[in-house]
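Worksheet: the structure to be examined is printed underneath.
Below, chain A is the first sequence line, B the second, and so on; all start at residue 1. Values in this document were obtained by computation on a predicted structure and should not be read as measured data. These numbers come from the heavy atoms of this one structure, side chains and all, not from hydrogens, waters or symmetry mates.
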Number of protein chains: 2
Amino acid sequence: MSKSYSISDLAAEFDISTRTIRFYEEKGLLSPRRVGTAREYASAERVKLMLILRGKRLGFSLEQSRDIIDLYDPAAGNMKQLQLLLDRIGEKQAELLQKRKEINSMLADLKQAKENCEKAQEAIANKR
Amino acid sequence: MSKSYSISDLAAEFDISTRTIRFYEEKGLLSPRRVGTAREYASAERVKLMLILRGKRLGFSLEQSRDIIDLYDPAAGNMKQLQLLLDRIGEKQAELLQKRKEINSMLADLKQAKENCEKAQEAIANKR
DNA sequence: GATTATATTGACGTTAACGTCAACGTAATC
DNA sequence: GATTACGTTGACGTTAACGTCAATATAATC
């Protein structure tokens, strides 16, 4: 019994609009089942949506997120497809490692700024 | 003798257009000196540009990047300003730590996908 | 069965982040 | 001094990622 979700369920859970969810489908990122005319999302689709939103927060475009989702595609048939997939996984990993590096740089910068700030505070305090 | 740069120097170095650099200025992110009518960028301005571009790669908007740049502002006069600055630095740090977490999740996911992929490869290889 | 809630498609609007193009100025070079 | 290189300011165009609104359908509720 895997759960299923309505479009407004997901919209509420992730605090986005239904329009946004339909837009992702329009762009080929989601493909919910249809119950009559209404959309029904399996938990796999919900995971995809999570991946999209996480990607967004990290500065990936929708197209890049679609590529990332495709990396989890189980339909990788033959040997050549698998190797291509592995290559692209490797590329994405490198990209993410780079981002992590830059985040670490940014954190180091902020730490420095913080220290300077605190020194300035002490300087003011000592003037009293 | 701190170096200075023309707009096309920076454009070439960071592989962006001069229009982009002027656009950042228009949005209040850069403020180069003027030599006659032409713009001249000190190394501090160059650093700002680097911060903007790094921010972009990490999913920050230009407005967010401007906020981040302001965190390095040395013009924090009194005690209250300093405390506000420290608070905002703390917020940005938290935000970055969250991003790093998400990157780590993504890396873990990709690692999993890679292993599955390699298993599938071996399965095919053993069929021969 | 009338209302209310939730869904659909389609069309047009909007914002951020630039690109592109025109018209013009200035500085160095041949 | 004509050309070439590089700069400037508008002004309008473009793309991604949605928002907004209208008209309509379906499902649940009173």
Would you classify A:Arg39 as touching base, sugar-phosphate or nothing, given that sugar-phosphate means primed atoms plus P, OP1 and OP2, and contacts are heavy atoms under 4.0 Å? sugar-phosphate
Start with the C-alpha distance between B:Arg46 and B:Met50, add both sets of side-chain angles, then the distance that settles side chain to side chain contact (heavy atoms under 4.5 Å, CB included), and finish with yes or no. CA-CA 6 Å; B:Arg46 180 174 165 277; B:Met50 292 178 63; 4.0 Å; yes
Do the side chains of A:Lys92 and A:Glu95 get close enough for a salt bridge, i.e. N-O under 4.0 angstrom? yes
Mind checking A:Ser6 for me? I need base, sugar-phosphate or nothing, with any heavy atom below 4.0 Å counting as a touch. sugar-phosphate
How close or far is atom C1' of D:dC6 from atom CD1 of B:Ile21, stated in whole angstroms? 14 Å
Just how far, in rounded Å, is P of C:dA7 from CG of A:Leu10? 10 Å
Do the side chain of A:Lys48 and the main chain of A:Ile69 share a donor and acceptor less than 3.5 angstrom apart? no
Looking at the base of C:dT20, is there any donor atom on it, or on the side chain of B:Arg19, that sits under 3.5 Å from an acceptor on the other one? yes
Among C:dT8, D:dC18, C:dC18, the nucleotide that comes nearest once only the side chain of A:Arg34 is considered: C:dT8
Whole-Å distance between C:dT6 C1' and A:Glu40 CD? 15 Å
Rounding to a whole Å, what distance do you find between B:Ile16:CD1 and C:dT20:P? 15 Å
Under 4.0 angstrom between A:Thr20 side-chain N/O and D:dG19 OP1 or OP2: yes
N or O in side chain of B:Lys56 less than 4.0 angstrom from C:dA16 OP1/OP2: no
Rounded to whole Å, CG of B:Leu49 lies from C1' of C:dA17 at a distance of 14 Å
From CD of B:Gln64 over to P of C:dA16, roughly how many Å is that when rounded to an integer? 13 Å
Side-chain N,O (A:Ser61) to OP1/OP2 (D:dA16) below 4.0 Å: no
How long is the line joining CZ of A:Phe23 and P of C:dT14, in whole Å? 17 Å
Testing D:dG7, C:dT8, C:dA17 for proximity to the side chain of A:Arg22, the answer is C:dT8
Would you say D:dC18 has OP1 or OP2 under 4.0 Å from some side-chain N or O of A:Tyr24? yes
When you measure from the side-chain N and O atoms of A:Thr37 to the phosphate of C:dA7, is any distance below 4.0 Å, counting only OP1 and OP2? no
Is a side-chain N or O of B:Glu45 found less than 3.5 angstrom from the main chain of B:Ser31, in a donor-acceptor match? yes
Would you indicate what B:Thr18 reaches in the nucleic acid, counting non-hydrogen atoms under 4.0 angstrom: base, sugar-phosphate, or nothing? nothing
Are the charged groups of B:Arg54 and A:Glu102 less than 4.0 angstrom apart, N to O? no
In whole Å, what is the span from the CD1 atom of B:Ile7 to the P atom of D:dA5? 19 Å
